Amino acid sequence: MRKHFYNSLIAFFGGLFGVSVIFIAFYLISEVGAFENPFLLTPLGIFLYYLFVISLIEEGTKFLLIKRDIGQHPYGFLLGLGFGIGESILIHPLTEYGGVFERRTPAILLHIITAGLISYAIKKNKPIAGFLVAIALHTGFNLLVNYVATQ
């Protein structure tokens, strides 16, 4: 029982830590180096931005955390929960009381699903397939949200 509790805590806080490292890196890149979207604002450029800058980095971080035994199956979904909650808090600080998690619930669920998928694929010895499917799901989700937001 204790082992499951500790593994659950390690997975959840590993996700929180993982997303905070990503945001610190993005902050340093964008503030210090004046990093901007390297792609044109065309549909292809937006797709490439979501694929390489967002999905690949976020799913790659989850993949590396899970490969390092933080959030191994069956605890991968907890890593995704921590990752999604951490991203929601860092994107929308707690100044907007009450409205943050209602709007971010689909994104939190996406991170739970993709981390669970990656951890399951690693358990079944198909890590690359799980990683690529997670990237495809994340990119598709971001494109859908972008399309809905621009309509």
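These numbers come from a predicted model, not from an experiment.
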Listed once per pair and sorted, the salt bridge (charged side-chain N to carboxylate O under 4.0 Å, His left out) pairs that draw on residues 65-86, sequence neighbours left out |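 Not a single pair qualifies under salt bridge (charged side-chain N to carboxylate O under 4.0 Å, His left out).
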
Are side-chain heavy atoms of [X] and [Y] found at a separation under 4.5 Å?
X: Lys123; Y: Gln72; result: no
X: Phe141; Y: Pro106; result: yes
X: Ile70; Y: Phe17; result: no

Please tabulate, for the side chains in residues 143-151, all donor-acceptor contacts under 3.5 angstrom to protein atoms that are two or more places apart in sequence or on a different chain.
residue : atom : partner : partner atom : Å
Thr150  : OG1  : Asn146  : O            : 3.1
Thr150  : OG1  : Tyr147  : O            : 3.0

Anything under 3.5 Å between a donor and an acceptor, one on a side chain of residues 51-60, the other on a protein residue two or more places apart or in another chain? List them.
residue : atom : partner : partner atom : Å
Ser55   : OG   : Tyr50   : O            : 3.0
Ser55   : OG   : Thr139  : N            : 3.2
Ser55   : OG   : Thr139  : OG1          : 3.0
Glu58   : OE1  : His138  : NE2          : 3.2
Glu59   : OE1  : Lys62   : NZ           : 3.4
Glu59   : OE1  : Thr114  : OG1          : 3.3
Glu59   : OE2  : Lys62   : NZ           : 3.0
Glu59   : OE2  : Thr114  : OG1          : 3.4
Glu59   : OE2  : His138  : ND1          : 2.6

Starting from [Y], can I reach [X] by hopping between I/L/V/M/F/W/Y residues whose side chains sit under 4.5 Å apart?
X: Ile89; Y: Phe13; result: yes
X: Leu110; Y: Ile112; result: no
X: Ile108; Y: Leu137; result: no
X: Tyr120; Y: Leu117; result: no
X: Phe47; Y: Tyr49; result: yes

Distance, nearest 0.5 Å, that separates [atom1] of [X] from [atom2] of [Y]:
X: Leu16; Y: Leu79; atom1: CG; atom2: CG; value: 9.0 Å
X: Leu44; Y: Leu48; atom1: CG; atom2: CG; value: 4.5 Å
X: Asn142; Y: Ile46; atom1: CG; atom2: CD1; value: 11.5 Å
X: Ile85; Y: Leu90; atom1: CD1; atom2: CG; value: 12.0 Å

Which atom of Ala121 lies closest to which atom of Gly130, heavy atoms considered =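 Looking at all heavy atoms of both residues, the closest pair is CB-CA, 3.5 Å.
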
Looking at Gly76 and Ser119, what are the two nearest heavy atoms and their distance?
-> CA-OG, 3.6 Å

Trace of the side-chain contact (heavy atoms from CB on, under 4.5 Å) decision for Glu87 with Arg104 = CA-CA 9 Å; Glu87 182 184 68; Arg104 297 286 303 162; 2.7 Å; yes

Show me the side-chain donor-acceptor pairs of residues 2-12 shorter than 3.5 Å, one per line, residues at least two apart or across chains.
residue : atom : partner : partner atom : Å
His4    : ND1  : Tyr75   : OH           : 2.4
Asn7    : ND2  : Lys3    : O            : 3.3
Ser8    : OG   : His4    : O            : 2.7

By the rule that ILVMFWY residues connect when side-chain heavy atoms come within less than 4.5 angstrom, directly or transitively, which residues belong alongside Met1?
->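 Besides Met1, the cluster holds no residue at all.
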
Can you sort out the partners of Pro127 under side chain to side chain contact (heavy atoms under 4.5 Å, CB included), two or more places apart, ordered by chain and number?
->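 Pro127: side chain to side chain contact (heavy atoms under 4.5 Å, CB included) contacts with Phe63, Ile122.
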
